[in-house]
Amino acid sequence: MLVDCDGKVIIDKRVDIKKLIRILWEFRPKLIAVDNLTELGENQRELIKFLNLIPPETEVVQVTRVDGEFVDLRELLKVHGMRFTSEKLTPRETALALAFLALKGVGTKVKVFEEKTKIIVTKGRTPRAGGSSMNRFVRATRNAVIETVNEIKSTLEKEGLDYDLFIRKSDGSIDSATFIVYAPRKSLEGLVKPVSSSAVRVKVRPVVTRKFMFEDEEQRTKELLVVGIDPGIKTGLAILNVEGEVLFLGSFKNADRGELVSLINKFGLPIIIATDTSPPSHTAKKLAATLNAELYYPKNSLSVKEKERIAEEYRARGVNVEDSHQRDALAAAHKALNAIKGKIEKVENYLERIGLDVDRDRVRLSVLKEGRSIADVVEEEIGELIKEEGGEEDVYPTAQQPKRNDLEGGGLKSALKLAYLEAENVSLKLKIKELEATIEKLNLELNLIRRQIEDEVERKVSSIKESYSQLTRKVEELQRINEELSSLLEKAGEAALKVERGEAFVALYLDDITFTSKFPEHEIEELPTRAILANKVEALNEDFIEKILENNIMLFASEINEKTKKELEDRGIPVITASGEVYGRYAVLPIDLKDEWNERMEKLKSMRQMQVEDLEKLLQEYRASRWK
């Protein structure tokens, strides 16, 4: 049954699901009216599938759901004055009844969460340990991740797309980031593209939320809430009522704003969204704006010590605080609640004092969220009570009605004047109480200013003490460095005297010599004695060996394996195991090592000469034997 806004029937026939969906896209109606959602799908999966197939502007309304309760269709028809001849409605009559009731605004709409898109930014690949360029590669990778995150943020904000951002940090830099964009994947085409490089990777994935709810489920209760949030890859959430009771405390991985809003609304009406950091995070700002709540954040970010203290207070009351995210969210909510505690107590004291039975939550909400005075709100509540008691005309229900003979002459005026004076008296009493409350407020503010001044003085004194401690530590560190430099300078002076007296000589110091090491030609040329002291000799390449032989370099080593030592001696290069006093790129060695190296060189030359002579002798003997 398809009906236009004037109640005219356009289509009246039975159709299957395929034809129904085609008709919906052809006519794009505003509402689909049903008496039970199971008519569209036997389970949640089938219902979500159907809702994804219909036009986006078409909404589904369950007519038989009124104020969160199921109401029989026949009862609704009686209430709205609709009659059918048959006792039991036919499918056609049921469809027509649903359409007309929906036109009257009867029923509850089904709310389906919109599609979301997840954008994940990570490093391209993890650098392997070692290598002189590893630090440079790590810096380049981190810079690429930061630049990519900033570019995506700029693009989303320029296009006006709503998003949440979760960042994982390590070593003070962004390690990875996840964007939850509240828009379908198609709307990001051409704006954010997948990337896969050695430095950074960007993945773009559509996320369809498999949940739906009725609109009246969002606010089942009006209990006022203070909500603390610690956003991040893992989000902590604490929900407290204004009496300080913990209604919910938990933590979730990659929780998006829609899920948080749905969870919070199940507990009541949030008036404050609180965070423990200053300035507040992007997620906290967005959540507060979405829930139309005030955003609270401390002047300075809460310290871990203070948050642990608050968590211990709640643990003592039986609250299980499982991790640091729950702790931070709970501390934020606690601080926000303390910030408004004075106003809450003032409302309670005022209502107790006047003894009037009004909606306390409504008074609290008006005072806390709208900033109205208690007296004005109470007067408004009194007006509502007067309406409930019998209408606005009966403004003074306790005043005596004038007698019949008083209605003649001035009796009526006197009665009205008396009623006016009584009302004025009530109003003045309320004003007096309001002024008393204002005086109390000013006294509290004065005490608060005094405490703030004391805290500021204490903070400055503490800061000065900390600065003094830091300077003292710095002086001690400089004194230690000075002593080390003085000792080093003294040793260097003694070494220089030894060299001058001919008791020692200077050699070039190398940490390790490996097969890839290059010969330090320019540094060797600056030394009066061409000598090298290596901490460790592993292997020498051919170029290094040739340069040692060409320049007649003396080679000393603190550590060398026997195989390398023998290979070098076979090439005519003796290596003396030795150690010396090292000063940066240079070392001072005893003069005896120079003599020892020369002796070793002479022995090697003698041995090589003997080997040559023995070889020639063998060759002559061989030739002689051939002539016989």
Between Gly232 and Phe166, the two heavy atoms sitting closest are O-CD2, 2.6 Å
Side-chain ion pair, Glu454 and Arg450, N-O less than 4.0 Å:
no
Any salt bridge between Lys30 and Glu59, counting N to O under 4.0 Å?
no
When you check the gap from the basic side-chain N to the acidic O, do Lys474 and Glu477 get nearer than 4.0 Å?
no
Between Tyr296 and Thr275, is any pair of side-chain heavy atoms under 4.5 Å apart?
no
Taking Asn150 for the side chain and Ile146 for the main chain, is one N or O donor matched with an acceptor at less than 3.5 Å?
yes
What distance separates Asp276 CG from Asn300 CG, expressed to the nearest 0.5 Å?
12.5 Å
Asp323 and Lys234: CA distance, side-chain angles, deciding distance, salt bridge (Lys or Arg N to Asp or Glu O under 4.0 Å) verdict:
CA-CA 10 Å; Asp323 54 42; Lys234 192 172 184 181; 3.5 Å; yes
Nearest-0.5 Å distance, CG of residue Asp512 to CG of residue Leu510:
9.0 Å
Assess whether a salt bridge exists between Arg473 and Glu466, defined as any Lys/Arg side-chain N lying under 4.0 Å from an Asp/Glu carboxylate O.
yes
Side chain Ser467, main chain Ser463, donor-acceptor under 3.5 Å:
yes
Rounded to the nearest 0.5 Å, what's the gap from NZ on Lys518 to CD1 on Ile513? Could you check?
15.0 Å
For the student: nearest non-hydrogen atoms of Ala177 and Leu165, plus distance
CB-CD1, 4.1 Å
Is Lys123 close to Asp175 at the side-chain level, that is, under 4.5 Å between some pair of heavy atoms?
yes
Let me see the working for Ile532 and Ile524 under side chain to side chain contact (heavy atoms under 4.5 Å, CB included), right down to the final yes or no.
CA-CA 8 Å; Ile532 294 175; Ile524 282 290; 3.6 Å; yes
Would you say that more than 12 heavy atoms from the other residues, nucleotides or ligands in this model lie under 6.0 Å from the CZ of Arg168, or not?
no
Test Ile273 against Ile229 for side chain to side chain contact (heavy atoms under 4.5 Å, CB included), laying out the working first.
CA-CA 7 Å; Ile273 301 298; Ile229 182 171; 4.0 Å; yes
Under 3.5 Å donor-acceptor, Thr155 side chain and Glu151 backbone:
yes
Would you say that Leu247 contacts Leu240 through its side chain, given a criterion of any heavy-atom pair below 4.5 Å between the two side chains?
no
At what distance, to the nearest 0.5 angstrom, does CG of Leu540 lie from CD1 of Ile560?
7.5 Å
Taking the side chain as every heavy atom from C-beta outward, state whether Val226 and Pro270 have any atom pair closer than 4.5 Å.
no
Would you call the rings of Phe519 and Phe544 parallel, tilted or perpendicular, taking 30° and 60° as the class edges?
perpendicular
Is Glu538 paired with Lys536 through a side-chain N to carboxylate O contact shorter than 4.0 Å?
yes
Between Arg205 and Ile120, is there a side-chain heavy-atom distance shorter than 4.5 Å?
yes
Considering only heavy atoms from C-beta outward, does the side chain of Ile180 approach that of Ile119 to under 4.5 Å?
no
Strictly distance-based, threshold 3.5 Å: is any side-chain N or O of Asn541 a donor or acceptor partner for the main-chain N or O of Phe515?
yes
Got a salt bridge between Lys153 and Glu157, using NZ or NE/NH1/NH2 to carboxylate O under 4.0 Å?
no
For Ala274 and Ala332 the tightest heavy-atom approach is CB-O, 3.4 Å
Could you state the interatomic distance from CG (Asp16) to CG (Leu20), rounded to the nearest 0.5 Å?
8.5 Å
Would you check, one step at a time, whether the test side chain to side chain donor-acceptor pair (under 3.5 Å) holds for Ser281 with Thr283?
CA-CA 5 Å; Ser281 66; Thr283 302; 4.8 Å; no
Taking the side chain from Gln326 and the backbone from Glu322, do they hold a donor-acceptor pair closer than 3.5 Å?
yes
Give the minimum heavy-atom separation between Ala331 and Lys307, together with the two atoms involved.
CB-CG, 3.7 Å
Quick one, Val261 with Ile264, criterion side chain to side chain contact (heavy atoms under 4.5 Å, CB included). Give me CA distance, side-chain angles, the key distance, then yes/no.
CA-CA 5 Å; Val261 168; Ile264 293 168; 5.9 Å; no
So, Ser462 side chain and Glu458 main chain: donor-acceptor pair closer than 3.5 Å or not?
no
Show the nearest heavy-atom pair for residues Arg317 and Gly244, with the distance to one decimal.
NH2-O, 3.0 Å
Not counting sequence neighbours, which residues clear ring pair (Phe, Tyr, Trp, His ring centres under 6.0 Å) with His325? List them please.
none
Side-chain ion pair, Glu312 and Arg315, N-O less than 4.0 Å:
yes
Here the gap from Phe252 atom CZ to Thr235 atom OG1, rounded to the nearest 0.5 Å, amounts to 8.5 Å
In Thr117, Asp164, Asp162, the residue satisfying side-chain hydrogen bond (donor to acceptor under 3.5 Å, both in side chains) with Tyr182 is Asp164
I want to check something: taking the side chain as every heavy atom from C-beta on, are Pro194 and Val202 in contact at a cut-off of under 4.5 Å?
no
Could you go through Glu26 and Arg22, starting from their C-alpha distance and side-chain angles, then the distance that decides it, and tell me whether this counts as salt bridge (Lys or Arg N to Asp or Glu O under 4.0 Å)?
CA-CA 6 Å; Glu26 183 177 342; Arg22 178 184 62 77; 3.0 Å; yes
Give the minimum heavy-atom separation between Thr108 and Arg65, together with the two atoms involved.
OG1-O, 2.7 Å
Check: Ser278 main-chain N/O paired with Ser301 side-chain donor or acceptor under 3.5 Å
yes
Using a strict cut-off of less than 4.0 Å between a Lys/Arg side-chain nitrogen and an Asp/Glu carboxylate oxygen, indicate whether Lys335 and Glu306 qualify as a salt bridge.
yes
Between Leu188 and Leu161, does the side chain to side chain contact (heavy atoms under 4.5 Å, CB included) criterion hold? Intermediate values first, please.
CA-CA 9 Å; Leu188 296 178; Leu161 295 171; 3.4 Å; yes
So, do Tyr297 and Thr277 sit near enough that their side-chain heavy atoms are less than 4.5 Å apart?
no
